[in-house]
2 protein chains.
Amino acid sequence: MAEEKLHEAIDAMKNSGVRITPQRHAILEHLIQSMSHPTADEIYKSLEGKFPNMSVATVYNNLRVFKEIGLVKELTYGDSSSRFDCVTTDHYHIICDDCGKIVDFHYPGLDEVETLAEQVTGFRVGDHRMEIYGKCPDCQKSKH
Amino acid sequence: MAEEKLHEAIDAMKNSGVRITPQRHAILEHLIQSMSHPTADEIYKSLEGKFPNMSVATVYNNLRVFKEIGLVKELTYGDSSSRFDCVTTDHYHIICDDCGKIVDFHYPGLDEVETLAEQVTGFRVGDHRMEIYGKCPDCQKSKH
DNA sequence: ACACTATTTATAAACATTACAAAGTAAGAA
DNA sequence: TTCTTACTTTGTAATGTTTATAAATAGTGT
């Protein structure tokens, strides 16, 4: 499953003429395997073991490359640092206001919204993002 | 119209026990009158004339206060700096991938999505945000 | 294996945002 | 009105993320 996605991603890179380096391989693998939505720094730290000499710049560079190919999406919430999410299936995120937990949330998609937006604004729409905010079950229990 | 909104905002501040300073008044006024979605720095610069001694910190401090009262929303896109939007009526934003222009876009709201999200994830939902991305009419013409 | 070019690395720089302490001021009480 | 107190502002320094740069390195097609 994860193997499969990794191969697909590598194929996408080949098709885009992007070189496959060990660092890129590892960053992608981490993004696919980790169920979380890591920051650039978290990725950097978690690969320190395998790549003691890897630079933070490499992480940022490659996340940008992945974004440009469309393999990865950047999530900019209120916090200081961006989070990165492997684009696999269409899904949205629901975020806890208290503890910051991010949970994937599948929804049919909002094609009608995109269509209406095109008509109203004259834009040619390519994409959209949505996040839902609330209080996760754990934080609801600990009502302080 | 703008006058009215300003008064409402000031009342909201009074009710929350937040002091009304000239700086806060000016920042709010600017946010309401400007049809754009300014960054903290843009607000700071545009008030240089009236408040030559105002600190950037004041702008940030007060934007945080306004956010806490619910008068203002912070918009974090891919760019480096956040943008701030006066909460008036429910609306979404459509953003040009090329030139970064932000256009307001009214839509009935996505209550069903919130409801479904509650059921699926167990969160208690409070809010959501959505942005649509595309190419604005101007940038469509100048096909480079 | 070679050559060409993209990529990595290390470091410094840029940038937005926050922290802090001292000076100033809004707002209610006397 | 004046006083008092706690909240705000200011100026500056610090923090933290992200980008720029140049030299060293390593993929990839031939």
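Note that the structure is a prediction, hence the values are computed from the model and not measured. Naming convention: chains lettered A, B, ... in sequence-line order (proteins, then strands); numbering from 1 in each chain. FYI, side chains are in, hydrogens and waters are out, and symmetry mates aren't considered; it's all heavy atoms of this structure.
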Starting at atom [atom1] of [X], determine the distance to atom [atom2] of [N], rounded to an integer number of angstrom.
{"X": "B/N53", "N": "C/dT25", "atom1": "CG", "atom2": "P", "answer": "10 Å"}
{"X": "B/N61", "N": "C/dA23", "atom1": "CG", "atom2": "P", "answer": "19 Å"}
{"X": "A/Y44", "N": "C/dT11", "atom1": "OH", "atom2": "P", "answer": "10 Å"}
{"X": "A/R64", "N": "D/dT17", "atom1": "CZ", "atom2": "P", "answer": "18 Å"}
{"X": "A/F66", "N": "C/dA6", "atom1": "CZ", "atom2": "P", "answer": "17 Å"}
{"X": "A/I20", "N": "C/dT7", "atom1": "CD1", "atom2": "P", "answer": "11 Å"}
{"X": "B/K14", "N": "D/dC7", "atom1": "NZ", "atom2": "C1'", "answer": "17 Å"}
{"X": "A/M54", "N": "D/dA26", "atom1": "CE", "atom2": "C1'", "answer": "16 Å"}

Classify [X] by what it touches in the nucleic acid, base, sugar-phosphate, or nothing, heavy-atom distance under 4.0 Å.
{"X": "B/P52", "result": "nothing"}
{"X": "A/T39", "result": "nothing"}
{"X": "B/N62", "result": "sugar-phosphate"}

Where the side chain of [X] is defined as all heavy atoms beyond and including C-beta, which of [options] is the nearest nucleotide?
{"X": "A/R24", "options": "D/dT10, D/dT9, C/dT8", "value": "C/dT8"}
{"X": "A/A57", "options": "C/dA10, D/dT8, D/dT17", "value": "C/dA10"}
{"X": "B/S55", "options": "D/dG11, C/dA26, C/dA16", "value": "D/dG11"}

- Message: Counting C-beta onward and ignoring hydrogens, is there a side-chain heavy-atom pair between A/I27 and A/F66 closer than 4.5 Å?
- Response: yes
- Message: I'd like to know if A/T21 reaches the base of D/dG27 with its side chain such that a donor and an acceptor end up less than 3.5 angstrom apart.
- Response: no
- What's the spacing between A/E131 CD and A/I102 CD1 if we round to 0.5 Å? 8.5 Å
- When you look at B/H128 and B/Y92, which way does the ring-ring contact (aromatic ring centres under 6.0 Å, His included) test go after all the steps? CA-CA 10 Å; B/H128 73 268; B/Y92 300 105; 5.8 Å; yes
- Upstream residue (5' side of DNA chain C) when B/S82 and B/R19 are each assigned their closest nucleotide: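 First, find each residue's nearest nucleotide; the 5'-ward one identifies B/S82.
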Using a cut-off of less than 4.0 Å, is there contact between a side-chain N or O of [X] and OP1 or OP2 of [N]?
{"X": "B/Q23", "N": "D/dT10", "answer": "yes"}
{"X": "B/T58", "N": "D/dT10", "answer": "yes"}
{"X": "A/Y60", "N": "D/dT18", "answer": "yes"}

- Is the shortest side-chain N to carboxylate O distance from A/R83 to A/E42 below 4.0 Å? yes
- Message: Tell me if a side-chain donor or acceptor on B/S16 pairs with a main-chain N or O of B/A12 at a distance below 3.5 Å.
- Response: yes
